[in-house]
Asker: 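Once you've had a glance at the structure underneath, I'll fire off some questions.
FYI, side chains are in, hydrogens and waters are out, and symmetry mates aren't considered; it's all heavy atoms of this structure.
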Amino acid sequence: MSEWLARIGSPSDVRSLPEEALPGLCQELREDIISICGRVGGHLGASLGAVELIVALHRVFHSPGDALLFDVGHQTYAHKLLTGRRERMHTLRHAGGIAPFLDPRESPHDALLAGHSCTAVSAALGVLEGRRMQGHRGHVVAVLGDGGLTGGLTFEGLNNAGGSHLPLIVVLNDNQMSISANVGAIPAMLRTHEARGFFEGLGFTYLGPVDGHDLGALIRALREARASSRPVVVHALTLKGKGFPPAEADTQTRGHAMGPYEWRAGKLVRSRGGQRTFSEAFAAVLEDAMARDSRVVAVTPAMLEGSALNALKARFPDRVHDVGIAEQHAVTFSAGLAAAGARPVCCIYSTFLQRAYDQVIHDVCLPGLPVVFAVDRAGLVGADGATHQGTYDVASLRPLPDLDLWAPMVGEDLAPMLDTALASPRPSVIRFPRGTLPPLPEGVAEEAVPLRGARWLLRAEQPRLTLVTLGPLGLAALEAARGEPGWSVLDARRASPLDEAAVLEAGRAGPVVVAEEGTTRGGLGGAVLELFAAHGVLARVRLMGMPDAFVPHGDARAQRAELGLDAAGLRRAGRALLEGGGR
């Protein structure tokens, strides 16, 4: 039973507690975090490691008058618990519940959205300057995970902040990890005496290193930083997963993101496993390709674990490159590999590829280099919510000339798509969702290489309507069309370039429903409409996809049903279109 945490309704209550209560409060926070993640899953490891740091921050600073900005929300469950959200933390990552990351719409104590890494320093400097212009005297603190020091945006912010001479406080939460262990020269340097010279050379006063689990030392350092009139870095050494033995013992990720589990008598007694995922299946076919061709290499921006590449790294240590949280570098590094004759496969989440759009255009597509992008988490991602939904990759990549954009419907499509992409002299994208592999439908054959374009999953002899889909939505379309007379299903397979002959055949046969798990503004539906307009096809078309809004966290299957992207929704859309209700 909690004694101290129950007394905390806002951060001001942390400041009023007796000093001797703080260790007990930290212990209670850890117990709550372990219990909550056991029920609903979540980013356990980083939040456990940051407990004392967050208690010390709220002890010294006065949020929201003092702005606390966090680099990503992985480390912030204790912050949520201390800022009036404890009673609802059991709804974490659920639809309508507590957000997976930080969001000012949820609490005034969340100074800025925190879903993508490396943003804290730049945003905090902007907040500090904006407040200064308006005469606001509050402090601004950027809490930066050391994984953020593998990304370029952090250095752009540090460079600007150090030269600004403004009293920005940067708290470096150094646990030697991002999701997996950190890579590169900077993380290694942090554990040497050179760390002081590095930050002082950038114009910061350096305080540390401080034991990030020693409340007294943390509070003293933060108070010294608060009193400074110039930029300060407080370097705190923490242990990711602290207080949860399975995480402390896990040298790979230290319990970064865990599904629900059971924690009984000090032991992890049950972990809920799952079926094979698209990520794991793609990693398997990539491993086969690497075994056949020594030119094939894998590149990932700090997503070895999420992209299921750990086994590949163990087998091909010199041909799997984790470049840190540096998406722009990952793409341009891949371009350089391709220019030198290698066949790089850049494994990257849809939402993170957004951060390297210029590099895709300038460094890969303009020179026409044969880089393959394995775009994971394309479409709805569920509990990770709006910052991680794979909504915009088709719409942003489709306009780029001479780029092939593939989407598998089932796991059996991955190998022929990868083989086709690796054999191509131009850039390719293979986008696939977060989730487990569906079975290959009866009557649908595995494909030969090279792939040519769209495939008819169901072709009516007397066509009345065609469902045109991309990716696993073809399975929902098949289910929707069975039993409906005259309905056909066309799996586009490639959003760019379209299989024009097949799509035009669909449009000339009758009404068309286009369904995709991405924005309809510029996506597959836009491509179909453009094609019909260019060829004078006057078919009635209904576009189904993501709404013109950011989709929040929740259960992905429930969200598909709400958006009409399941079999029942596609059936309703098709029937309405035939009845004249489409647009």
Side-chain angles (χ1 to χ4, degrees), residues 8-11 29 32-33 36-37 40-44 46-47 50 53-54 57-58 61 63-128 130-131 138 140-145 147-148 153 171 173 256-257 325 349-352 354-355 377 380-392 434 546-556 558-559 562:
I8 305 297
S10 71
L29 284 166
D32 259 31
I33 292 168
I36 290 160
C37 290
V40 301
H43 292 100
L44 174 73
S47 283
L53 185 56
I54 285 172
L57 284 165
H58 283 299
F61 297 98
S63 176
D66 293 330
L68 305 180
L69 286 81
F70 291 86
D71 198 54
V72 198
H74 296 159
Q75 55 189 327
T76 58
Y77 289 177
H79 169 76
K80 288 175 179 277
L81 288 165
L82 294 174
T83 52
R85 287 170 271 189
R86 187 185 183 211
E87 295 302 316
R88 297 188 65 233
M89 279 295 283
H90 67 282
T91 68
L92 180 70
R93 299 161 62 84
H94 286 192
I98 294 296
F101 303 108
L102 296 187
D103 191 334
R105 292 166 295 189
E106 183 177 281
S107 170
H109 297 286
D110 296 356
L112 206 69
L113 190 75
H116 286 183
S117 183
C118 305
T119 63
V121 177
S122 295
L125 182 62
V127 169
L128 182 60
R131 287 182 165 198
V140 178
V141 182
V143 185
L144 172 68
L153 178 58
V171 176
N173 177 15
H256 173 73
I325 306 176
Y349 287 12
S350 171
T351 186
F352 299 151
Q354 296 165 183
R355 311 182 83 184
R377 270 59 167 185
L380 293 164
V381 298
D384 279 344
T387 60
H388 284 58
Q389 305 285 17
T391 305
Y392 303 109
R434 179 179 191 172
M546 302 283 200
D548 186 18
F550 295 109
V551 179
H553 53 286
D555 180 81
Q559 290 177 332
E562 292 169 5

Asker: Between the main-chain N or O of Tyr392 and the side-chain N or O of Gln354, is there a donor-acceptor pair closer than 3.5 Å?
Answerer: no
Asker: Could you check whether any side-chain N or O of Gln559 sits under 3.5 Å from a backbone N or O of Val381, counting only pairs where one atom can act as donor and the other as acceptor?
Answerer: no
Asker: Any ion pair linking Arg93 and Asp384 (charged N to carboxylate O, less than 4.0 Å)?
Answerer: yes
Asker: Nearest 0.5 Å, please: how far is OH in Tyr77 from CG in Asp32?
Answerer: 13.0 Å
Asker: Quick one: pull up CG in Leu82 and OG in Ser10 and give me the separation to the nearest 0.5 Å.
Answerer: 9.5 Å
Asker: Is the shortest side-chain heavy-atom distance between Leu112 and Leu102 below 4.5 Å?
Answerer: no
Asker: Taking Thr76 for the side chain and Ser47 for the main chain, is one N or O donor matched with an acceptor at less than 3.5 Å?
Answerer: no
Asker: Looking at every non-hydrogen atom in both residues, tell me the closest pair between Gln75 and Ala50 and how far apart they are.
Answerer: O-CB, 3.6 Å
Asker: List the atom of Gly148, the atom of Ser117, and the distance in Å for their closest heavy-atom pair.
Answerer: CA-OG, 3.9 Å
Asker: Supply the atom-to-atom distance Arg86 CZ to Ile36 CD1, rounded to the nearest 0.5 angstrom.
Answerer: 8.0 Å
Asker: I need the minimum non-hydrogen distance between Ala111 and Leu68, along with the two atoms involved.
Answerer: CB-O, 3.5 Å
Asker: Looking at Val143 and Ala120, what are the two nearest heavy atoms and their distance?
Answerer: O-CB, 4.1 Å
Asker: Does any non-hydrogen side-chain atom of Phe70 lie less than 4.5 Å from one of Ile54?
Answerer: yes
Asker: Assess the residue pair Phe101 and His553 against the criterion (ring pair (Phe, Tyr, Trp, His ring centres under 6.0 Å)); give the C-alpha distance rounded to whole Å, side-chain angles, the decisive distance to 0.1 Å, and a yes or no.
Answerer: CA-CA 10 Å; Phe101 303 108; His553 53 286; 9.4 Å; no
Asker: Parallel, tilted or perpendicular for His79 and His109, by the 30°/60° rule?
Answerer: perpendicular
Asker: Go through it in stages, so that I can follow the logic: the residues are Leu380 and Met546, the test is side-chain contact (heavy atoms from CB on, under 4.5 Å), and I'd like the CA-CA distance, side-chain angles, deciding distance and then a yes or no.
Answerer: CA-CA 9 Å; Leu380 293 164; Met546 302 283 200; 3.4 Å; yes
Asker: Do Leu81 and Ile33 have side chains that get closer than 4.5 Å, going by heavy atoms?
Answerer: yes
Asker: Looking at Ser350 and Arg377, would you say the former's side chain and the latter's main chain have a donor-acceptor pair under 3.5 Å?
Answerer: no
Asker: Is there side-chain contact between Asp110 and Arg85, with heavy atoms separated by less than 4.5 Å?
Answerer: yes
Asker: State the CG-NE2 distance between Leu153 and His116, to the nearest 0.5 angstrom.
Answerer: 12.0 Å
Asker: State, with a plain yes or no, whether a side-chain heavy atom of Asp71 is found less than 4.5 Å away from one of Thr119.
Answerer: yes
Asker: Specify the closest pair of heavy atoms between Gly115 and His388, including all atoms of both residues, with the distance to one decimal.
Answerer: O-CE1, 3.2 Å
Asker: To the nearest 0.5 Å, what is the distance between CD on Glu87 and CE on Met89?
Answerer: 11.5 Å
Asker: Does the pair Asp66 and Leu57 meet the rule for a side-chain contact (heavy atoms from CB on, under 4.5 Å), with working shown?
Answerer: CA-CA 10 Å; Asp66 293 330; Leu57 284 165; over 6 Å; no
Asker: Between the side chain of Thr83 and the main-chain N/O of Lys80, is any donor-acceptor distance below 3.5 Å?
Answerer: yes
Asker: So, for His58 and Pro11, which heavy atoms are closest and what is the spacing to 0.1 Å?
Answerer: ND1-CB, 3.4 Å
Asker: Quick check for you: to the nearest 0.5 Å, what is the distance between Leu92 atom CG and Ile98 atom CD1?
Answerer: 7.5 Å
